[in-house]
K.L.:
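My structure is below; once you've seen it, I'll send some questions.
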Amino acid sequence: MSVTPARHLHLSGASNFRDLGGYATGDGRTVRWRQIFRSNHLGHLTDDDVVILRDLGVRSAFDFRGSEERAAALCAMPEIAVHSLPVEPTVVAALRAIAAGGTPLSTDHAVEVMCDSYRSYVQNNTRHFRSLFAHLLEDHAPLVIHCTAGKDRTGFACALILHTLGVPEDVIAEDYLLTNRFYRRDPNHSIDLPDEVSQVLGSVQAAFLAAAFQAIDADYGDLESYIRDGLGIGQSERAHLEARYLQR
């Protein structure tokens, strides 16, 4: 009897390291295990974590962090080829600007700024997500996709991958929300915002991801058009991805 691989890998230095494998598609196939991982950044990996990632054969990382984020925590494994796809963070600066205008910050502000950030993934950063899919077609697996927390930029990217592979929306939503179960904020990284606002920023909500898909509908008409025209994945590219990352 085969044992199902663990989805969440309990790494000491990357709390949100998870496998995208095992999800069933609408046509009865499943996403291959141990090919595509998602995580928070890899700058604090311990020696034991490094052993685990080497055993997994991880050879590529796709890093959505901005330039300052990357410089503050470089990948702890020099043998991993890191591909930078920078989506600069905007949320904290936007909240500070609201506070500077004299408005007391609330959780409603935090949610709206997070939703704006997700909209910007589509409106201003589609080229970076398109680059990710080009790399997926080149086959760099086993690979890991990450940003700083592995929840927002990474969460959107992984939702797009699972959609493209034919995983149902409710399953994609469940995978996205797993961050709230596993992610642990870095205690050494504090920001000058109210605790309740920081709590919103350190979690994920269905409304955040929904904002990105609403932007897709507004700008491209629907998700299928975005996959084709925004991400550059036509029928042949999609078939290639399915052949590589799905199994019966």
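The model shown is predicted, which means the values in this text are computed figures rather than measured ones. The residues of the chain are indexed from 1 along the displayed sequence.
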K.L.:
Of all the heavy-atom pairs spanning D49 and H44, show the shortest one and how long it is.
P.N.:
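Heavy-atom minimum between the residues: OD2-O, 4.4 Å.
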
K.L.:
Checking side chain to side chain donor-acceptor pair (under 3.5 Å) for the pair D108/S106: CA distance, chi angles, key distance, verdict?
P.N.:
CA-CA 5 Å; D108 287 343; S106 69; 4.7 Å; no

K.L.:
A side-chain contact here means heavy atoms from C-beta on lying under 4.5 Å apart; do R59 and E79 qualify?
P.N.:
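No, every pair of side-chain atoms sits at 4.5 Å or beyond.
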
K.L.:
Charged N to carboxylate O under 4.0 angstrom, R65 versus E88?
P.N.:
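Salt bridge flag = no for E88 with R65.
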
K.L.:
Which heavy atom in Y118 sits nearest to a heavy atom in A212, and how many Å separate them?
P.N.:
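That closest heavy-atom pairing would be O-CB, 3.7 Å.
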
K.L.:
Would you call T30 and T25 a side-chain contact if the rule is heavy atoms closer than 4.5 Å?
P.N.:
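No, side chains not in contact.
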
K.L.:
Crowded around E138 CD? As in, over 12 foreign heavy atoms under 6.0 Å?
P.N.:
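More than 12 within 6.0 Å, yes.
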
K.L.:
I'd like to check R34 versus P5 (side-chain heavy atoms, cut-off strictly below 4.5 Å). Are they in contact?
P.N.:
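Result yes, sub-4.5 Å side-chain heavy-atom pair found.
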
K.L.:
With no hydrogens and no angle check, is any side-chain donor or acceptor of K151 less than 3.5 Å from a backbone partner on L201?
P.N.:
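Pair found, side chain donor or acceptor close to backbone of L201.
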
K.L.:
With hydrophobic residues grouped by side-chain heavy-atom distances under 4.5 Å, do V144 and L137 end up in a single group?
P.N.:
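Each belongs to a different hydrophobic cluster.
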
K.L.:
Is a side-chain N or O of S15 found less than 3.5 angstrom from the main chain of R184, in a donor-acceptor match?
P.N.:
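Side chain of S15 to backbone of R184, a donor-acceptor pair under 3.5 Å: yes, one is there.
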
K.L.:
Taking atom types as modelled and ignoring hydrogens, do the side chains of Y226 and T126 form a donor-acceptor contact shorter than 3.5 angstrom?
P.N.:
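Yes - a donor-acceptor pair under 3.5 Å links their side chains.
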
K.L.:
I'd like to know if the side chain of Y183 pairs up with that of N40 as donor and acceptor (distance under 3.5 Å, no hydrogens or angles considered).
P.N.:
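No, no side-chain donor-acceptor pair sits under 3.5 Å.
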
K.L.:
Going through the checks in order, is the salt bridge (Lys or Arg N to Asp or Glu O under 4.0 Å) test met by R238 and E224?
P.N.:
CA-CA 11 Å; R238 201 166 193 160; E224 289 301 310; 2.6 Å; yes

K.L.:
Does a donor on one side chain sit under 3.5 Å from an acceptor on the other, for T148 and E69?
P.N.:
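Checked: T148/E69 side chains pair up, N/O donor to acceptor below 3.5 Å.
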
K.L.:
Just by distance, no angles: are the side chains of D48 and T46 close enough, under 3.5 Å, to form a donor-acceptor pair?
P.N.:
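There is no such pair (donor and acceptor under 3.5 Å, judged by atom type) between the side chains of D48 and T46.
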
K.L.:
Assess the side chains of H128 and S131: does a donor N or O sit below 3.5 Å from an acceptor N or O?
P.N.:
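Per modelled atom types, H128 and S131 side chains form no pair under 3.5 Å.
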
K.L.:
Evaluate the criterion side chain to side chain contact (heavy atoms under 4.5 Å, CB included) for residue pair H10 and H8; output intermediate values, then yes/no.
P.N.:
CA-CA 6 Å; H10 296 269; H8 176 245; 3.4 Å; yes

K.L.:
Distance check, rounded to the nearest 0.5 Å: T154 atom OG1 versus F62 atom CZ?
P.N.:
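The CZ atom of F62 is 12.5 Å from OG1 of T154, to the nearest 0.5 Å.
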
K.L.:
Run the salt-bridge test on D175 and R38 with the 4.0 Å N-O cut-off and return the result as yes or no.
P.N.:
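Result for this pair is yes, salt bridge flagged.
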
K.L.:
Side-chain contact, heavy-atom cut-off 4.5 Å: Y23 with L162?
P.N.:
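Yes. Closest side-chain heavy atoms under 4.5 Å.
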
K.L.:
Is there a side-chain contact between F156 and I161 (heavy atoms, below 4.5 Å)?
P.N.:
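Result no, sub-4.5 Å side-chain heavy-atom pair not found.
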
K.L.:
Rounded to the nearest 0.5 Å, what separates atom CD1 in I145 from atom CG in L132?
P.N.:
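If we round to the nearest 0.5 Å, I145:CD1 and L132:CG are 5.0 Å apart.
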
K.L.:
Would you say that more than 12 heavy atoms from the other residues, nucleotides or ligands in this model lie under 6.0 Å from the CG of D47, or not?
P.N.:
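No, CG of D47 has 12 or fewer neighbouring heavy atoms, counting only those of other groups under 6.0 Å.
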
K.L.:
Starting from the C-alpha separation in whole Å, work towards a yes-or-no answer on side chain to side chain contact (heavy atoms under 4.5 Å, CB included) for L143 and L136.
P.N.:
CA-CA 9 Å; L143 60 91; L136 291 174; 3.7 Å; yes

K.L.:
Hydrogens and angles aside, do R18 and T179 bring a side-chain donor and acceptor to less than 3.5 Å of each other?
P.N.:
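Distance-only check passes for R18 and T179.
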
K.L.:
Answer with yes or no whether the hydrophobic clustering places L177 together with F37; edges join I, L, V, M, F, W, Y residues whose side-chain heavy atoms lie under 4.5 Å apart.
P.N.:
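No, separate clusters.
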
K.L.:
Within a strict 4.5 Å, meaning less than it, do heavy atoms of the F64 and F129 side chains meet?
P.N.:
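F64 reaches F129 side chain to side chain.
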
K.L.:
Side chains of E242 and H240 only: does a donor on one sit below 3.5 Å from an acceptor on the other?
P.N.:
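Side-chain D/A pair, E242 to H240: absent.
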
K.L.:
Could you check whether E237 pairs with R228 (Lys NZ or Arg NE/NH1/NH2 to Asp/Glu carboxylate O, under 4.0 Å)?
P.N.:
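Not counted as a salt bridge, because no side-chain N and carboxylate O are separated by less than 4.0 Å.
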
K.L.:
Is there side-chain contact between L45 and L53, with heavy atoms separated by less than 4.5 Å?
P.N.:
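Side chain of L45 against side chain of L53, heavy atoms only: contact under 4.5 Å found.
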
K.L.:
Indicate whether any N or O donor in one side chain lies under 3.5 Å from an N or O acceptor in the other, for D229 and Y220.
P.N.:
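Note: D229 and Y220 side chains miss the donor-acceptor criterion.
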
K.L.:
Under the side chain to side chain donor-acceptor pair (under 3.5 Å) criterion, do D195 and S198 qualify, and how do the steps go?
P.N.:
CA-CA 5 Å; D195 286 345; S198 295; 5.3 Å; no

K.L.:
Starting from the C-alpha separation in whole Å, work towards a yes-or-no answer on side chain to side chain contact (heavy atoms under 4.5 Å, CB included) for D152 and Y121.
P.N.:
CA-CA 10 Å; D152 300 313; Y121 299 160; 3.2 Å; yes

K.L.:
A side-chain contact here means heavy atoms from C-beta on lying under 4.5 Å apart; do F133 and L160 qualify?
P.N.:
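Yes, close enough: below the 4.5 Å cut-off.
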
K.L.:
What distance do F182 atom CZ and L178 atom CG have between them, rounded to the nearest 0.5 Å?
P.N.:
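If we round to the nearest 0.5 Å, F182:CZ and L178:CG are 5.5 Å apart.
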
K.L.:
Pair M77, L42 - check side chain to side chain contact (heavy atoms under 4.5 Å, CB included), show working.
P.N.:
CA-CA 8 Å; M77 293 180 63; L42 307 179; over 6 Å; no

K.L.:
Taking S203's backbone N and O only, do any of them form a donor-acceptor pair with N180's side chain (distance below 3.5 Å, no angle check)?
P.N.:
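A pair under 3.5 Å: no.
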
K.L.:
Ignoring hydrogens, what is the shortest heavy-atom contact between A110 and V197? Give both atom names and the distance.
P.N.:
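Heavy atoms of A110 and V197 come nearest at CB-CG1, 3.9 Å.
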
K.L.:
Rounded to the nearest 0.5 Å, how far apart are CG of L11 and CZ of F17?
P.N.:
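It comes to 6.0 Å.
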
K.L.:
Provide the closest heavy-atom pair for P86 versus G66 in the form atom of the first, atom of the second, distance.
P.N.:
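Heavy-atom minimum between the residues: CB-CA, 4.5 Å.
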
K.L.:
State the CG-CZ distance between L85 and R130, to the nearest 0.5 angstrom.
P.N.:
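Nearest 0.5 Å value for the CG-CZ distance: 13.5 Å.
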
K.L.:
Do W33 and V167 belong to the same hydrophobic cluster, where Ile, Leu, Val, Met, Phe, Trp and Tyr are linked whenever their side-chain heavy atoms lie under 4.5 Å apart, directly or via other members?
P.N.:
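Shared cluster, no.
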
K.L.:
Once you round to the nearest 0.5 Å, how far does CG of D116 lie from CD of Q123?
P.N.:
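These two atoms lie 8.5 Å from each other.
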
K.L.:
Looking only at non-hydrogen atoms, find the nearest pair between L241 and L165 and report the distance.
P.N.:
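Looks like O-CD2, 3.8 Å.
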
K.L.:
Give the minimum heavy-atom separation between H146 and S39, together with the two atoms involved.
P.N.:
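Closest heavy-atom pair between H146 and S39: CB-O, 3.0 Å.
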
K.L.:
Would L20 and I233 show up in the same hydrophobic cluster when neighbours are defined by side-chain heavy atoms closer than 4.5 Å?
P.N.:
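Yes, L20 connects to I233 through the hydrophobic network.
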
K.L.:
Scan side-chain atoms only and decide if R127 and N125 contain a donor-acceptor pair under the 3.5 Å cut-off.
P.N.:
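Side chains of R127 and N125: no pair found under 3.5 Å.
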
K.L.:
Treating Ile, Leu, Val, Met, Phe, Trp and Tyr as nodes and any side-chain heavy-atom pair under 4.5 angstrom as an edge, say whether L223 and V171 lie in one connected cluster.
P.N.:
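In one cluster: yes.
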
